[in-house]
Every structure is written in structure tokens, then in C-alpha cells.
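Following: one structure in C-alpha cells, then a few remarks.
All heavy atoms count here, side chains included; hydrogens, waters and symmetry mates do not.
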Amino acid sequence: MGLADLHIHSIYSYDGTAPVAAVLNRAWEVGLNVIAITDHDEIKGSLKAFDLAPHFGVEVIPGIEITTAEGDLLALFVTEKIEPNLSLIETILKVGEAGGICIAPHPMARGMGMKSLSRASIRNATKHSDASRILLAIETYNATALDRDSNTHAQALAAEHPNLTQVGNSDAHILQTIGLGATEFRGYTAANLLDALWIGATEVHRGTQLGSARILGSWALNYVLSAPARAAVVDG
Ligand SMILES: [Zn+2]
């Protein structure tokens, strides 16, 4: 079985702290086969990871976390930025045009400036004949969600939508939390993973769930320490 973490932030995210090469190295160390760097409305870090991946023994799926008008949305297998602040269905259709697929991350979760898709938004998308073929999965385990009830809510929502494949992710904003949430699938490659997402053949892998105070504390420290590096990639 392969292990994937499809929701990781790098220093190219306004709130990320980890350089791309360090993310790849950490992913290899913790035994991940496939990862996606999904920075907020930014694709540069993800494309850099894709280029560097062969040196690290990890396969990278290019991706992005898009700010839609209705909440955050993960897009995988895309190599371009998708316009933010569009409706959920418009965004999903644009991802489809770009050749990608979507995952609803941390549905209904609240927290520090975080906007998550509501139950109604997800239901609408699953009823839309075209969008429902692109929105394949729902994140039922987010290892670093500050809203401690959000994973329970996400599982209940997934039960209402059996056609959405369940995935686990870290949503890591620091190196230490990469892989704490992951998705198991048959095979080891990104192509195998995509097959599993299509047919709902995944297993959600729940690692240690750290307390929200610890997550926030570690992030704050790393955020301060990584400020010069973050400024450099924004300028560059
Ligand atoms: Zn995220």
C-alpha cells in the first residue's frame, strides 16, 4: 500500500514556513510515497516540488488550495493558478478545464481566518452533473485543524455523500506535522492514487493529533524564524 499526504503548505504560502526541499526530505523520512504541496492561491512552490521530486524519492502531484467565494478547495493535477473568489461550482469547472480534480478540505471547520466549505455548498456541487465528476474527495481527517470537532463533522458529511472518496491529510504548515494525516491506497504512484480516488478505494490514516495550543505555538515560532526566507520567495 502507498501513503499520500495531499495537503501540505510550503514557504510559498503566506502562512507557510517550510522550504520546498525540506518538505520533500521530510515526506521521504516519514514514509510518504506521494505528496501535494497546496499553497493558498499560489502554485510556485508546488511546481518547484514537482521539479525537485526525483531527487528525493517522493512523487509530487502539482496542486493548489484555492480560496473560493464559499471556502477553501484543494485542486490536484493542475499546473496553473486558478482564479480565487469564484463560486465553488465555477471554480471546480475551471479546475476540470485545467485537467485537475478537487478535494473538499476541512469541510465546515472554523479557525483563524480559515474559510471552509459548508454542507450546502458541498451538496450543491455533488448534485451538479459536471462538477460532481471533478470533485472526487472529501478530507475527513485533517491532522492540524484547530477546530477540534471538524473531523467529526467531516465524517458525518462524508456519510451523506458516499460518492465522495475519503482522504486524510496533514494540512501541515510546519515540517514536523507532515504525514500526521495521510491516505492509504493500493500501489505506490500518483496514477495509482488517482485510480483509488475515482473508485473510493482509500483508507484514511490518522497519525498523532497534537493539541491546538501546540500546533499554534510551533507554527508561530516557525513563522517568525522563516520570515526572511518567505520574504525572499515572495520577491523572487
Ligand atoms: Zn491548507
> Does the pair Ser150 and Asn142 meet the rule for a side chain to side chain contact (heavy atoms under 4.5 Å, CB included), with working shown?
Replying inline: CA-CA 8 Å; Ser150 62; Asn142 178 302; 5.6 Å; no

> Ser87 and Glu70: side chain to side chain contact (heavy atoms under 4.5 Å, CB included), yes or no, with the steps?
Replying inline: CA-CA 6 Å; Ser87 76; Glu70 296 165 64; 3.5 Å; yes

> Run the side chain to side chain contact (heavy atoms under 4.5 Å, CB included) check on Val233 and Lys44 step by step: do they pass?
Replying inline: CA-CA 9 Å; Val233 298; Lys44 281 184 201 153; over 6 Å; no

>> Walk me through whether Thr79 and Phe50 qualify under side chain to side chain contact (heavy atoms under 4.5 Å, CB included).
In response: CA-CA 10 Å; Thr79 54; Phe50 184 80; over 6 Å; no

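Proximity of Asn222 to Gln176: side-chain heavy atoms (C-beta onward) are separated by under 4.5 Å at one or more points. With contacts defined as side-chain heavy-atom distances shorter than 4.5 Å, the pair Leu6/Leu76 qualifies. In this structure the side chain of Thr17 reaches within 4.5 angstrom of the side chain of Arg230, judged on heavy atoms.
Defined by atom type and a distance below 3.5 Å, a donor-acceptor pair is missing between the side-chain atoms of Ser121 and Asn124. No hydrogens or angles considered: nothing links the side chains of Asp171 and Thr144 as a donor-acceptor pair under 3.5 Å.
Partner Val167 forms a side chain to side chain contact (heavy atoms under 4.5 Å, CB included) with one of Leu74, Leu197, Leu136 and no other, that one being Leu197.
A continuous path of hydrophobic side-chain contacts links Leu3 to Val60 [ILVMFWY only; heavy atoms under 4.5 Å]. When hydrophobic clusters are built by joining Ile, Leu, Val, Met, Phe, Trp and Tyr residues whose side-chain heavy atoms come closer than 4.5 Å, directly or via intermediates, Ile61 is not grouped with Leu32. Each of Val58 and Met1 belongs to its own hydrophobic cluster when Ile, Leu, Val, Met, Phe, Trp and Tyr are linked at side-chain heavy-atom distances under 4.5 angstrom. If you chain together hydrophobic residues whose side chains sit under 4.5 Å apart, Leu180 and Phe185 never meet in one group. Placement of Phe77 and Ile37 in two distinct hydrophobic clusters is found when ILVMFWY residues are connected by side-chain heavy-atom separations under 4.5 Å, directly or transitively.
To the nearest 0.5 Å, atom OG1 of residue Thr68 and atom CG of residue Leu86 are 8.5 Å apart. The distance from the CD1 atom of Ile215 to the CD1 atom of Ile174 is 8.0 Å, given to the nearest 0.5 Å. Rounding to the nearest 0.5 angstrom, the gap separating the OG atom in Ser10 from the NZ atom in Lys48 is 8.5 Å. In this structure, OH in Tyr141 is found 14.0 Å from CD in Gln166, a value given to the nearest 0.5 Å. Taken to the nearest 0.5 Å, the OG atom of Ser170 stands 5.0 Å off from the CD1 atom of Ile8. Rounded to the nearest 0.5 angstrom, His7 NE2 and Asp39 CG are separated by 9.5 Å.
Under the 4.0 Å criterion applied to side-chain N and carboxylate O atoms, Glu29 and Arg26 are assigned as salt-bridge partners.
With Asn25 contributing its side chain and Ala22 its backbone, the two residues share no donor-acceptor pair below 3.5 Å. Distance alone, capped at 3.5 Å, is enough to place a donor-acceptor pair between the Glu59 side chain and the Ala190 backbone. No donor-acceptor pair closer than 3.5 Å links the side chain of His161 to the backbone N or O of Asn163. Side-chain N or O atoms of Asp41 include one that pairs as donor or acceptor with a backbone N or O of Thr67 at under 3.5 Å. Looking only at distances, a side-chain donor or acceptor of Lys115 sits under 3.5 Å from a matching main-chain atom of Ala69. Put simply, the side chain of Thr183 gets close to the backbone of Gly168: a donor and an acceptor are under 3.5 Å apart. A donor-acceptor distance shorter than 3.5 angstrom exists from the side chain of Ser46 to the backbone of Gly63, with no hydrogens or angles considered. At distances below 3.5 Å, not a single donor-acceptor pair connects side-chain atoms of Ser226 with backbone N or O atoms of Ala229. With Glu139 contributing its side chain and His106 its backbone, the two residues share a donor-acceptor pair below 3.5 Å.
Under the 30°/60° scheme for interplanar angles, the aromatic rings of His9 and His40 are found to lie parallel.
In this structure Tyr223 satisfies the ring pair (Phe, Tyr, Trp, His ring centres under 6.0 Å) test together with Trp219, sequence neighbours excluded.
Through chains of ILVMFWY side-chain contacts below 4.5 Å, Ile43 is grouped with Leu47, Ile64, Ile66, Leu73, Val78, Ile82, Leu88, Ile89, Ile92, Leu93, Val95, Met108, Leu117, Ile122, Ile134, Leu135, Ile138, Leu157, Leu164.
Contact between Thr165 and Gly200 at its shortest, heavy atoms only, is OG1-CA, 3.2 Å. Taking all atoms of both residues into account, the shortest heavy-atom contact from Ser129 to Ser132 is O-OG, 3.1 Å.
Within 6.0 Å of the CD atom in Glu203, the count of heavy atoms belonging to other residues, nucleotides or ligands does not exceed 12. Within a 6.0 Å radius of CZ in Arg206, other residues, nucleotides and ligands contribute more than 12 heavy atoms.
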